[in-house]
Amino acid sequence: MKNVVLKIKENKLIAKNTYRLILTGDLTNKYPYRPGSFVNLLIPGFYLRRPISICDINDHEVTLIYKVVGKGTLKLSTMNKGEINTLVDCGNGYNMSPVKDTALLVGGGAGIPPMYYLAKELLKRKKHVIAVLGFNSKEEIFYANEFKKIGVKVVIATLDGSVGVKGLVTDAMKGLKYDYVYACGPIPMLKAIYKDAKAPGQYSLEERMGCGFGVCRGCSIKTKAGIRRVCKDGPVFKGEDIIW
């Protein structure tokens, strides 16, 4: 984790209540960035930072996708220029070594962006990737084409049936063949995926964070190894380690 001041290059509405924020600056890291890690943005006028998963990153640019869900992200959506104080590469990301041949990536809403970054890294390792993307409706769909362009098989689930499989991501998972699972989204969704998955996997938890770097313990959860902080010890955990 390091603290940098980044410039806003783009802050664009890409789907219903969903924005793509591109920040530029010196993002050089002596360690490789990890899919599943996040950044912590200091938004002017707000005391607590806002954690957002990394969608894509290199040494000079980071892409973030966020949904407007409260006052902080609403303020962020109005920022089209200027600088943002950013804690970069927070938390622990996904371990890609367990994948033998085919990885199933499952994301719901704001849990989809880290799946894109993970897919790119898995493809570099010559793995096959299937992505199940869950949305409420057609108006909320984003990045499906971006996944397809890099060579990922995409299956879309919408609650209203306007696109793809009607229902939940677990409905769209049926019949797919894979040997490892990666998922990110709300706890009820992750719990359902873990129950239905036909392979082991890793799950990124969307817990509310206070400090974002392990001091306040506001995002603590119970695991089989004891109490763990989502921001510091996670947000990624093995499915079998979580007390669902």
Side-chain angles (χ1 to χ4, degrees), residues 1 18 32-41 49-57 62-67 69 87-99 103-122 127 129-135 142-143 147 152 157 168-170 172-173 178 180-197 199-214 218-225 227-244:
M1 180 181 70
T18 305
Y33 288 107
R34 302 150 297 168
S37 62
F38 62 94
V39 303
N40 227 352
L41 304 180
R49 292 175 179 265
R50 264 54 181 183
I52 302 177
S53 295
I54 295 173
C55 179
D56 206 357
I57 194 168
V62 59
T63 300
L64 310 172
I65 294 177
Y66 66 95
K67 295 182 75 68
V69 295
L87 294 178
V88 182
D89 201 25
C90 304
N92 292 310
Y94 293 105
N95 177 3
M96 292 171 277
S97 61
V99 181
L104 176 65
L105 280 54
V106 188
I112 290 171
M115 297 293 102
Y116 179 75
Y117 183 16
L118 177 60
K120 291 183 69 175
E121 293 301 312
L122 286 168
K127 305 300 181 182
V129 180
I130 303 171
V132 173
L133 312 179
F135 305 92
F142 65 90
Y143 257 58
F147 275 93
V152 174
L168 305 172
V169 291
T170 46
M173 288 168 53
Y178 50 90
Y180 205 78
V181 178
Y182 297 96
C184 182
I187 294 291
M189 186 193 89
L190 298 182
K191 185 176 181 179
I193 294 170
Y194 178 72
K195 179 181 177 182
D196 289 4
Q202 297 168 38
Y203 297 77
S204 181
L205 306 185
E206 290 184 353
E207 286 289 326
R208 290 184 64 86
M209 298 178 187
C211 68
F213 44 84
C219 60
S220 295
I221 63 165
K222 293 181 179 179
T223 72
K224 293 177 182 178
I227 301 297
R228 292 292 182 268
R229 300 157 296 177
V230 171
C231 69
K232 184 71 174 180
D233 304 310
V236 177
F237 297 89
K238 291 181 180 179
E240 63 268 27
D241 292 340
I242 301 170
I243 298 176
W244 297 101

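A quick note: this is a predicted structure, and the numbers were derived from the prediction, not measured.
At a threshold of 4.5 Å between non-hydrogen side-chain atoms, the residues Pro35 and Lys120 do not count as touching. Side-chain contact check for Leu105 versus Val129: some heavy-atom pair is nearer than 4.5 Å.
In this structure a side-chain-to-backbone donor-acceptor pair under 3.5 Å is present from Arg49 to Asn40. No side-chain donor-acceptor contact under 3.5 Å links Lys224 to the backbone of Ile242. Asp233 contributes no side-chain N or O that, together with a main-chain N or O of Arg228, makes up a donor-acceptor pair within less than 3.5 Å. Although no hydrogens or angles enter the test, the distance criterion places a donor-acceptor pair under 3.5 Å between the side chain of Trp244 and the main chain of Gly239.
Between the CZ atom in Arg34 and the CD atom in Glu121 there is a gap of 12.5 Å [rounded to 0.5 Å]. Within the model, atoms SG of Cys55 and OH of Tyr116 stand 6.5 Å from one another, a figure rounded to the nearest 0.5 Å. If you take CE on Met115 and CG on Leu133, they are separated by 10.0 Å, rounding to the nearest 0.5 Å. Taken to the nearest 0.5 Å, the OH atom of Tyr94 stands 10.5 Å off from the CG atom of Leu122. The distance from atom CE of Met173 to atom CG of Leu168, rounded to the nearest 0.5 Å, is 11.0 Å. For the atom pair Ser53 OG and Leu64 CG, the distance stands at 9.0 Å (nearest 0.5 Å).
The side chain to side chain contact (heavy atoms under 4.5 Å, CB included) with Tyr182 is formed by just one residue from the set Leu104, Val99, Val236; it is Val99.
Nearest heavy-atom pair, Pro235 versus Gly36, reported as atom, atom and distance to 0.1 Å: CG-O, 3.5 Å. Residue Lys67 comes nearest to Ala110 through the heavy atom pair CD-N, 4.0 Å, listed as atom of the first residue, atom of the second, then distance. Between Leu190 and Ala183, the shortest heavy-atom contact is CD2-CB, 3.7 Å. The minimum heavy-atom distance linking Ile112 with Gly108 is given by the pair CG1-N, 4.0 Å. Taking every heavy atom of both residues into account, Val39 and Ile54 meet most closely at CG1-CG1, 3.9 Å. In terms of heavy-atom proximity, Val152 sits nearest to Ala119 at CG2-CB, 3.9 Å.
Taking the six-membered ring wherever Trp is involved, the centroid distance between the rings of Tyr203 and Phe237 does not fall below 6.0 Å.
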- Message: Would Ile193 and Val169 count as a side chain to side chain contact (heavy atoms under 4.5 Å, CB included) here? Give the steps.
- Response: CA-CA 8 Å; Ile193 294 170; Val169 291; 4.0 Å; yes
- Criterion side chain to side chain contact (heavy atoms under 4.5 Å, CB included) on Arg50 and Tyr66, from CA distance to verdict: CA-CA 10 Å; Arg50 264 54 181 183; Tyr66 66 95; over 6 Å; no
- Stepwise side chain to side chain contact (heavy atoms under 4.5 Å, CB included) test for Phe38 and Leu87: CA-CA 9 Å; Phe38 62 94; Leu87 294 178; over 6 Å; no
- Task: Show your working on side chain to side chain contact (heavy atoms under 4.5 Å, CB included) between Asp56 and Val62 and close with a plain yes or no.
- Result: CA-CA 6 Å; Asp56 206 357; Val62 59; over 6 Å; no
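At a cut-off of 3.5 Å, with distance as the only test, no side-chain donor of Asp241 or Thr223 sits close to an acceptor on the other residue. Inspection of the Tyr180 and Gln202 side chains reveals an N or O donor paired with an N or O acceptor under 3.5 Å.
The aromatic rings of Phe142 and Phe135 sit perpendicular, their planes meeting at an angle over 60°, well past the 30° parallel limit.
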